[in-house]
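Beneath this line is the structure, given in structure tokens, with notes to follow.
Everything quoted here is computed from the prediction, not taken from an experiment.
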Amino acid sequence: MKIDWNEFIDRQINITMKENYGVVYSNKKDDEPAFYEIVFKTGKLSKVYEEGLMIEAVRDNQSYKSFIPYESIKSVDIF
């Protein structure tokens, strides 16, 4: 089944990711970076591409965009 994502442009979406990892650095000198699993991406669906979705969100009073390839998406909640 194919979804026409264009009908959900400007809607808030919550994407549950397949495996995706990030790194957090500590202020302490001797600490190794901590790896953690990024489970969700949340934002407003802004653009739809053949390869994936572009979402916009605000974090720490700064706007950012994230591109999520379709093969990285496990499920999507649309609000």
Side-chain angles (χ1 to χ4, degrees):
M1 175 176 93
K2 290 194 175 198
I3 296 173
D4 181 5
W5 290 102
N6 288 299
E7 68 182 87
F8 302 111
I9 295 285
D10 291 329
R11 300 275 300 271
Q12 189 74 16
I13 63 174
N14 186 28
I15 298 172
T16 303
M17 307 286 290
K18 292 182 181 174
E19 294 179 26
N20 192 4
Y21 296 89
V23 178
V24 175
Y25 288 96
S26 173
N27 291 334
K28 296 179 182 179
K29 288 183 180 181
D30 297 332
D31 284 352
E32 291 290 322
F35 287 88
Y36 63 96
E37 187 173 2
I38 301 169
V39 180
F40 297 104
K41 289 280 190 179
T42 300
K44 181 177 73 171
L45 180 61
S46 61
K47 291 187 181 180
V48 177
Y49 298 96
E50 282 186 30
E51 302 85 12
L53 306 174
M54 180 76 72
I55 62 172
E56 294 179 11
V58 176
R59 181 175 38 199
D60 298 329
N61 294 322
Q62 199 152 26
S63 179
Y64 69 95
K65 294 181 181 181
S66 294
F67 177 77
I68 298 111
Y70 291 125
E71 57 268 2
S72 296
I73 298 172
K74 186 184 254 183
S75 66
V76 178
D77 297 319
I78 303 166
F79 302 96

Show me the donor-acceptor pairs, under 3.5 Å and distance only, between side chains in residues 6-17 and residues at least two apart or in other chains.
unit_1 : atom_1 : unit_2 : atom_2 : d
Asn6   : ND2    : Asp4   : OD1    : 3.3
Arg11  : NE     : Phe79  : O      : 2.8
Arg11  : NH2    : Phe79  : O      : 3.3
Asn14  : OD1    : Thr42  : OG1    : 2.8
Thr16  : OG1    : Ser75  : OG     : 3.4

Tabulate below the donor-acceptor pairs under 3.5 Å that side-chain atoms of residues 62-71 make, not counting sequence neighbours, or state none.
unit_1 : atom_1 : unit_2 : atom_2 : d
Tyr70  : OH     : Tyr49  : O      : 2.9

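Smallest separation of non-hydrogen atoms from Gly43 and Ala57: CA-CB, 4.1 Å.
Val76 and Met54 are assigned to two separate hydrophobic clusters, defined by single-linkage of ILVMFWY side chains at heavy-atom distances under 4.5 Å.
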